[in-house]
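Each remark here refers to the structure printed beneath this line.
Note that the coordinates shown come from a computational prediction; the quantities given were computed from them, not determined experimentally. Throughout, residue positions are numbered sequentially from 1 according to the sequence presented. All values below come from the heavy atoms of this structure, side chains included, with hydrogens, waters and symmetry mates left out.
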Amino acid sequence: MTKNPTKAAAAKTPKPKPDAGGEATAPASNRAMRAAERRDAIVEAAMEEFIARGFAATRLDDIAKRAGVAKGTIYLHFKDKESMFEELVRTVIVPVVAKLNALPPPTGSVRDLVEAFAGNFLKEVIGTRRGDLVRLIVAEGPRFPAVADFYYREVVSRGIAGMRALIELGIARGEIREKDLARYPQILVAPAMIAVIWQSLFERHAPLDAQDMLRVHLDLIFGERRTT
């Protein structure tokens, strides 16, 4: 009896492997998704614990409990408390500062660009968890130099570079008369730092209008806006 050539060929032909979106990869994809969700939960819990207890007093056991995971699960994602805090800075604060270096060339005045960025920075930091993290670094940074050093590299140095570039552009355009300001770009963002610290210490005694303080500050640097 002659064999069916179609069946014979089919028997010798290896079955095709599922493609990247097939069932074979589904379990791996689900595992990766669950792992990412656990990591996010750990980071969120870490932020709450750091803000509530401070960096020194925060324990991994408390973070694990708040995140609803075993303590050992934390070590699958982070080697220690410091690396967890660094991840917080990367995900919560760095993106805000990164917007400064991603600004397009100004079509209007440099002041408009500075005011827009600084105003948005105040909105995203004052009264938010970002502001709590900044205050935590200010308070505990001297005791944990490695944490302060990391924050300087990832946040402060980037912000200073972006501000210096805007100041130099303002000087070149004649919008800023004081050329030495480029040597001290920290002055440009001083209202933001004052507002963050003021809010936690003195807000109940003397509420501060951070946006209006920013306007006055920029008037001192750029000159008062002309009204038509």
Side-chain angles (χ1 to χ4, degrees), residues 29-101 117-160 162 186 189-208 210:
S29 177
N30 291 339
R31 284 195 299 272
M33 185 178 298
R34 287 194 297 271
E37 290 172 351
R38 284 194 295 270
R39 180 186 175 89
D40 290 343
I42 292 169
V43 171
E44 179 68 24
M47 179 164 63
E48 296 300 326
E49 289 295 321
F50 283 133
I51 291 171
R53 303 172 185 271
F55 184 81
T58 295
R59 304 183 308 158
L60 292 182
D61 300 85
D62 297 322
I63 293 174
K65 183 178 180 180
R66 185 184 285 268
V69 301
K71 182 178 178 180
T73 302
I74 291 178
Y75 291 107
L76 296 177
H77 301 278
F78 305 99
K79 65 178 182 178
D80 51 29
K81 187 166 65 173
E82 287 77 8
S83 64
M84 196 178 302
F85 190 82
E86 289 175 0
E87 179 66 11
L88 266 178
V89 172
R90 286 193 191 96
T91 58
V92 175
I93 299 179
V94 168
V96 178
V97 178
K99 292 178 182 179
L100 176 60
N101 295 306
F117 170 78
N120 186 65
F121 182 88
L122 288 174
K123 183 177 68 176
E124 294 194 23
V125 173
I126 303 299
T128 71
R129 284 301 195 230
R130 292 187 180 97
D132 293 331
L133 283 178
V134 173
R135 284 188 287 270
L136 176 62
I137 292 167
V138 171
E140 300 200 40
R143 298 171 57 196
F144 300 94
V147 171
D149 291 347
F150 174 82
Y151 189 79
Y152 179 83
R153 291 194 307 271
E154 296 295 319
V155 178
V156 176
S157 63
R158 296 182 183 187
I160 287 177
Q186 296 91 337
V189 295
M193 290 305 300
I194 291 172
V196 168
I197 296 171
W198 187 277
Q199 186 189 47
S200 62
L201 294 176
F202 311 120
E203 183 71 12
R204 66 184 183 276
H205 302 297
L208 182 67

| field | From D80 atom CG to I74 atom CD1, the distance as rounded to the nearest 0.5 Å | value | 11.0 Å
| said: side chain to side chain contact (heavy atoms under 4.5 Å, CB included) for E48 and R129? Distances and angles first, verdict last. | reply: CA-CA 9 Å; E48 296 300 326; R129 284 301 195 230; 2.9 Å; yes
| query | Residues in side chain to side chain donor-acceptor pair (under 3.5 Å) with R158, at least two apart? | reply | E154
| Which atoms form the tightest heavy-atom contact between R143 and A56, and what is the distance? | NH2-CB, 3.6 Å
| query | Is there side-chain contact between I63 and I42, with heavy atoms separated by less than 4.5 Å? | reply | yes
| remark: Residues passing the side chain to side chain donor-acceptor pair (under 3.5 Å) test with E124, sequence neighbours excluded, are K99, N120
| query | What distance separates S157 OG from D149 CG, expressed to the nearest 0.5 Å? | reply | 11.0 Å
| field | Smallest separation among heavy atoms of A195 and L208, with atom names | value | CA-CD2, 4.0 Å
| note | Value for CD (E140) from OG1 (T58), rounded to nearest 0.5 Å, stands at 8.0 Å
| field | Test log, rule side chain to side chain contact (heavy atoms under 4.5 Å, CB included), inputs M84 and V43 | value | CA-CA 7 Å; M84 196 178 302; V43 171; 5.5 Å; no
| said: Among L133, T91, D132, which residue satisfies the side chain to side chain contact (heavy atoms under 4.5 Å, CB included) criterion with M47? | reply: L133
| request: Show your reasoning for whether side chain to side chain contact (heavy atoms under 4.5 Å, CB included) applies to E82 and F78. | output: CA-CA 9 Å; E82 287 77 8; F78 305 99; over 6 Å; no
| Pair D62 + K65, salt bridge at N-O below 4.0 Å | no
| Nearest-0.5 Å distance that lies between atom CE in M193 and atom CZ in R135 | 10.0 Å
| With sequence neighbours left out, which residue pairs that include part of residues 123-150 fulfil the ring pair (Phe, Tyr, Trp, His ring centres under 6.0 Å) condition? | F55-F144
| request: Taking all heavy atoms of V125 and all of T128, pick out the closest pair and write down the distance. | output: O-OG1, 2.8 Å
| field | Validation row: L136, F85 side chains within 4.5 angstrom (heavy atoms) | value | yes
| task | Take V134 and Y151, measure what side chain to side chain contact (heavy atoms under 4.5 Å, CB included) needs, and give me the verdict at the end. | result | CA-CA 9 Å; V134 173; Y151 189 79; 3.6 Å; yes
| Smallest separation among heavy atoms of I93 and R130, with atom names | CD1-O, 4.3 Å
| Looking at CD of E87 and CZ of R39, how far apart are the two atoms once the value is rounded to the nearest 0.5 Å? | 4.5 Å
| task | Measure the spacing between CD of E86 and NZ of K79 and express it to the nearest 0.5 Å. | result | 7.5 Å
| Is any side-chain heavy atom of Y75 closer than 4.5 Å to a side-chain heavy atom of L60? | yes
| message | I'd like to know if the side chain of W198 reaches the main chain of A206, judged simply by a donor and an acceptor atom lying under 3.5 Å from each other, with no hydrogens or angles considered. | response | yes
| said: Quick one, E44 with R66, criterion salt bridge (Lys or Arg N to Asp or Glu O under 4.0 Å). Give me CA distance, side-chain angles, the key distance, then yes/no. | reply: CA-CA 9 Å; E44 179 68 24; R66 185 184 285 268; over 6 Å; no
